[in-house]
2 protein chains.
Amino acid sequence: MNEPSPRRTYLDVDDRRRQLLDAAVQVMVHDGVAALSLRSVAQRAGVAHRVVSYAFGSKGELVTALLQRESELLTRRLWAEPLAPAPLVDAVGAALHTFVDELRLDRVRHERLAELTAMARSSDALVGAARAEIDAVRGEIERLVEAWAAARKTELTVPTTSLVAIIHAAAEGLAAWWLATGDDEHVDDVVRAFSTGLVGLERA
Amino acid sequence: MNEPSPRRTYLDVDDRRRQLLDAAVQVMVHDGVAALSLRSVAQRAGVAHRVVSYAFGSKGELVTALLQRESELLTRRLWAEPLAPAPLVDAVGAALHTFVDELRLDRVRHERLAELTAMARSSDALVGAARAEIDAVRGEIERLVEAWAAARKTELTVPTTSLVAIIHAAAEGLAAWWLATGDDEHVDDVVRAFSTGLVGLERA
DNA sequence: GTCTATAGGTCGATAGAC
DNA sequence: GTCTATCGACCTATAGAC
């Protein structure tokens, strides 16, 4: 019944952390953020729960690391594609479509990250990480916009920060609305409206 | 130290529930969703924690009732103003400004409701309530759009459901983006872009 | 008011890497 | 032999249920 030789596997702390974060993501996706605990993560990873304490020091550190890694990874994925060197309206419209497609590929995971982020905002210990996530998103969008502007060689009629804020808000809206409703039927309408809102922001 | 006469106050179950939900809102706003417990709510209301069990049966029922009441109340508040009988772009732009103003009046409370809703989506017991919240929002927007259309006597170039989805997504975006960033400086830009996206949806 | 389950945190011992 | 990572056991606080 019992294993003949318990054969411990020894990992470097950094590797162990990565492995445990993978396990944490699985727990979160499968059973929800509320199910995250030292024990559930340890069980999923096949180690004693003490190992999680050892690797992260405390649950707070685990959640902080999880939020950081997930938000960075998923944010990068969502904004991986460069903006096409086309008129602003078309470029952003295409980007928003790509954005939704990316959400679709890992719907539950994005949903759970949203939950984790919402939770983080009301926690003194995590509010910093939530703030960093938002800054990272803004940064990614800014990067895309600047690359696009350089390729297009046209001028904006508004400051870059305004355009970034608009695209950011549109993306948040798309994410929140689609994750909540799953309304595939109206995605095109919403994307079209959001991109149409950009007319006049680029000087011909 | 103790009150001389403990003078119990007896309340009808419905009144007691209302009072406890008020207390729950206070706990949630003051200490976050994670701090919600039978005991914290009871303490805030000044009753024995057993009373909360009696009134709601279980914590799940308490949270369900809380989510229902909060989402209905706040949704109604956000969409209380009728759409002005003006061109669609202007009417929706004004509505979105009102929407943000309303968010501002009770920022933390809206933030916490968002957290509660995100949590509800991954809970089998609460997903129904979360779904109902979304339907209620859609219903409110639909009501406003229909009243506006009746007053304007113009036609839409898209189905009503499309316009509702667009406004809904815009509102979600505004809420998520503004609650996350608190970026008052760019609210006007975002609202302008979102309403500009509606050009052409109304037949002149 | 009490019981119990859960979960975070900690200690001593040990297996395995170097 | 020493150091690091691992494990199981234990303690305590919290919170839901009865």
Side-chain angles (χ1 to χ4, degrees), chain A residues 1-28 30-67 115-116 119-120 122-126 129, chain B residues 2-3 6 8 10 13 16-17 20-21 23-28 30-67 115-116 119-120 122-126 129:
Chain A
M1 183 76 191
N2 284 337
E3 301 296 326
S5 66
R7 289 282 305 174
R8 293 184 187 176
T9 53
Y10 282 72
L11 262 63
D12 180 84
V13 180
D14 285 339
D15 289 338
R16 181 62 83 189
R17 278 192 177 166
R18 272 186 282 275
Q19 181 217 5
L20 291 174
L21 286 177
D22 290 339
V25 170
Q26 288 178 35
V27 170
M28 193 176 66
H30 194 268
D31 299 316
V33 172
L36 280 175
S37 72
L38 299 182
R39 283 172 172 81
S40 62
V41 172
Q43 188 177 22
R44 171 70 70 161
V47 298
H49 79 275
R50 178 68 179 78
V51 174
V52 187
S53 284
Y54 181 81
F56 289 99
S58 72
K59 182 185 179 181
E61 296 295 316
L62 167 67
V63 175
T64 303
L66 178 63
L67 177 59
E115 184 187 352
L116 197 60
M119 198 194 72
S122 64
S123 150
D124 290 339
L126 291 175
Chain B
N2 285 335
E3 300 296 327
R8 290 186 194 173
Y10 288 88
V13 181
R16 181 63 82 188
R17 279 188 167 191
L20 291 174
L21 286 177
V25 171
Q26 288 179 36
V27 170
M28 192 176 67
H30 194 269
D31 300 315
V33 171
L36 281 175
S37 72
L38 299 180
R39 282 171 172 81
S40 61
V41 171
Q43 188 178 22
R44 173 69 74 163
V47 299
H49 72 273
R50 181 67 182 76
V51 174
V52 186
S53 285
Y54 177 80
F56 290 99
S58 72
K59 183 188 177 179
E61 296 295 316
L62 166 68
V63 175
T64 302
L66 178 63
L67 177 59
E115 185 188 351
L116 197 61
M119 198 194 72
S122 63
S123 150
D124 290 339
L126 291 175

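Every chain is numbered from 1, with letters handed out A, B, ... down the list of sequences.
- Atom CZ of A/Phe56 is separated from atom C1' of C/dG9 by 16 Å (rounded to the nearest Å).
- Within the model, atoms CG of B/Leu36 and CG of B/Asp31 stand 9.0 Å from one another, a figure rounded to the nearest 0.5 Å.
- Shown here is A/Asp124, whose CG atom has no more than 12 heavy atoms of other residues, nucleotides or ligands within 6.0 Å.
- For A/Arg8 and C/dT14, a side-chain-to-base donor-acceptor distance below 3.5 Å is present, hydrogens and geometry of angles not being considered.
- Rounded to whole Å, atom C1' of D/dA15 lies 7 Å from atom CG of B/Leu38.
- Counting to the nearest Å, the P atom of D/dA15 and the CZ atom of B/Arg44 are 15 Å from each other.
- A donor and an acceptor atom never sit less than 3.5 Å apart when one is taken from the side chain of A/His49 and the other from the base of D/dG8.
- Side-chain N/O atoms of A/Arg39 and base N/O atoms of C/dG8 include a donor-acceptor pair closer than 3.5 Å.
- For A/Tyr10 and C/dA17, the shortest distance from a side-chain N or O to OP1 or OP2 is not below 4.0 Å.
- Taking every side-chain heavy atom of B/Arg50 into account, D/dC18 is the closest of D/dA5, D/dG8, D/dC18.
- Residue A/Asp12 contributes atom CG, which lies 14 Å from atom C1' of D/dT6 at whole-angstrom precision.
- Nucleotide D/dA5 holds its C1' atom 12 Å from the CG atom of A/Leu20, rounded to whole Å.
- Residue A/Ser37 is classed as a sugar-phosphate contact, given heavy-atom separations below 4.0 Å to backbone atoms only.
- With D/dA17, C/dG8, D/dC7 as the candidates, the nucleotide lying closest to the side chain of A/Lys59 is C/dG8.
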